[in-house]
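Any value given below was found using the heavy atoms of this structure, including those in side chains, with hydrogens, waters and symmetry copies removed.
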Amino acid sequence: MFVTQLKSFFMVARLGSITLAAKQLGLSQPTVTTQIRALEEHYGVELFRRQGGRLAVSDDGVRLLPMVEALMQQESNVEFALRNAGDVNQGQLRLGATAPYYILDIVKRFQDLYPRVDVVIGTGNSRQTSEALREFRVDLATSSHKETDARLLRLHLGADPLALVVHRQHPLATQRSVRVAQLAGCQLIMRETGSMTREKTEGMLAAAAVTPQRTLEITSREAIREAVIRNMGVSVFARHEASAHPDLLVLPFEEEVPLIDEYLYCLQERRNARLIAAFLLECEAEC
């Protein structure tokens, strides 16, 4: 319980929000609040200053943070060592993916070779998967950002041009291709800030001096796809991200548009761990 309470304190301090910390930890907000209060009451300290509904880390909390971070790191190292101990044919491999279609074939081959290894795939945007890797919450991560951090091993998985996804009854659906300028008359459904697709789309629009009629932000690729299926607007995807559906059409742009690259990363210090090394071999064979 003590370590769990410290984790709650650390996450709230790092993220600055009980809501975000609870989501990251997979707990309810009341549970996180209760754990922090229990820690404060048991030791008679104030870890956060509460002012007008906002939290600020207290001086005692600031002094505690590096020690708690070291403890979290040590716990992660122990857990990682246990998962990678023993026979390569068993264990668990955790992946963070921005575009699962790049790695699903690799995962399939990996599971065929190592049927007793459990593979867990979590999804998120490039920023989220990179954070998960650096915080040891995943073993490997895909990202559209080209990281230059020397602590990371990087493999290039592929690249896709931007394309427009529309409902088959949308006025643009009668065309074989579209011009960027035609987005000025559309409601454009966008990913959240931190998404490489959004960053590239905004760059493409700015270069063409185009402003969509309206925008709608949705933080999930799958939810955006569902919105387009309901003809709520159009969206820009990396071409292969738009899975087949009878109500959807994927239209290429007539102009030269940005490519979205996809990379696989792991921490250099963990590249030789048995499960990570085995997965990397399959990725290198694919690339």
Side-chain angles (χ1 to χ4, degrees), residues 1-83 94-98 120 122-139 141 143-145 147-152 190-199 202 215-221 223 265 267 269-270:
M1 178 60 72
F2 176 63
V3 173
T4 302
Q5 292 169 345
L6 288 176
K7 281 184 180 178
S8 290
F9 157 69
F10 180 77
M11 279 300 184
V12 172
R14 189 178 71 81
L15 298 175
S17 163
I18 290 176
T19 301
L20 293 176
K23 184 177 180 180
Q24 191 87 294
L25 293 166
L27 301 173
S28 68
Q29 293 180 44
T31 297
V32 171
T33 300
T34 298
Q35 289 178 346
I36 293 172
R37 284 179 177 167
L39 197 60
E40 291 177 319
E41 290 171 4
H42 183 80
Y43 291 97
V45 296
E46 183 183 51
L47 298 175
F48 294 97
R49 294 189 299 274
R50 297 161 177 86
Q51 299 174 337
R54 301 184 62 183
L55 291 178
V57 184
S58 69
D59 291 342
D60 286 335
V62 169
R63 284 191 291 269
L64 190 62
L65 272 174
M67 291 181 281
V68 177
E69 185 173 16
L71 178 64
M72 300 298 101
Q73 173 68 69
Q74 189 63 27
E75 182 186 43
S76 175
N77 289 340
V78 170
E79 189 268 344
F80 179 80
L82 288 171
R83 284 193 294 108
R94 303 170 305 175
L95 305 174
T98 54
V120 179
T123 59
N125 63 37
S126 293
R127 176 180 52 78
Q128 292 165 338
T129 58
S130 294
E131 286 179 357
L133 181 65
R134 287 183 170 90
E135 294 170 3
F136 307 98
R137 290 183 280 117
V138 297
D139 303 313
S143 171
S144 298
H145 290 284
E147 302 277 3
T148 57
D149 190 335
R151 295 173 298 171
L152 301 179
M190 302 272 279
R191 289 286 302 275
E192 74 285 359
T193 301
S195 159
M196 179 57 74
T197 302
R198 174 168 180 158
E199 181 179 318
E202 290 178 336
T215 60
L216 171 65
E217 179 179 310
I218 301 180
T219 60
S220 159
R221 183 183 294 107
Y265 293 97
L267 293 167
E269 65 188 71
R270 293 186 169 182

Is any side-chain heavy atom of [X] less than 4.5 Å from a side-chain heavy atom of [Y]?
{"X": "Glu69", "Y": "Leu65", "result": "no"}
{"X": "Asp149", "Y": "Tyr265", "result": "no"}
{"X": "Phe136", "Y": "Arg270", "result": "yes"}
{"X": "Leu152", "Y": "Leu267", "result": "yes"}
{"X": "Met72", "Y": "Glu135", "result": "no"}

Nearest atoms (heavy-atom pairs only) where [X] meets [Y]:
{"X": "Phe10", "Y": "Val68", "answer": "CB-CG1, 3.7 Å"}
{"X": "Val138", "Y": "Thr129", "answer": "CG2-O, 4.4 Å"}
{"X": "Gly194", "Y": "His145", "answer": "O-NE2, 4.1 Å"}
{"X": "Ile36", "Y": "Ser8", "answer": "CD1-O, 3.9 Å"}
{"X": "Arg49", "Y": "Asp59", "answer": "NH1-N, 4.0 Å"}

Gap separating the [atom1] atom of [X] from the [atom2] atom of [Y], nearest 0.5 angstrom:
{"X": "Leu39", "Y": "Arg37", "atom1": "CG", "atom2": "CZ", "value": "13.0 Å"}
{"X": "Leu71", "Y": "Gln74", "atom1": "CG", "atom2": "CD", "value": "8.0 Å"}
{"X": "Arg151", "Y": "Leu133", "atom1": "CZ", "atom2": "CG", "value": "9.5 Å"}
{"X": "Thr4", "Y": "Leu25", "atom1": "OG1", "atom2": "CG", "value": "9.0 Å"}

Donor-acceptor under 3.5 Å ([X] side chain, [Y] main chain):
{"X": "Arg221", "Y": "Arg191", "result": "no"}
{"X": "Ser58", "Y": "Leu47", "result": "yes"}
{"X": "Ser126", "Y": "Ser144", "result": "yes"}

Item to check | Candidate list Glu199, Glu192, Arg198, test side chain to side chain donor-acceptor pair (under 3.5 Å), partner Asn125, passing option | outcome: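 Exactly one pass, corresponding to Glu192.
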Item to check | side chain to side chain donor-acceptor pair (under 3.5 Å) partner of Lys7, the single match among Gln24, Gln35, Glu75 | outcome: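 Output: one option passes, namely Glu75.
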Checklist entry - Quick one: side chain to side chain contact (heavy atoms under 4.5 Å, CB included) partners of Ser17, sequence neighbours excluded? => result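 With sequence neighbours excluded, Ser17 shows a side chain to side chain contact (heavy atoms under 4.5 Å, CB included) to Thr19, Leu20, given in chain and number order.
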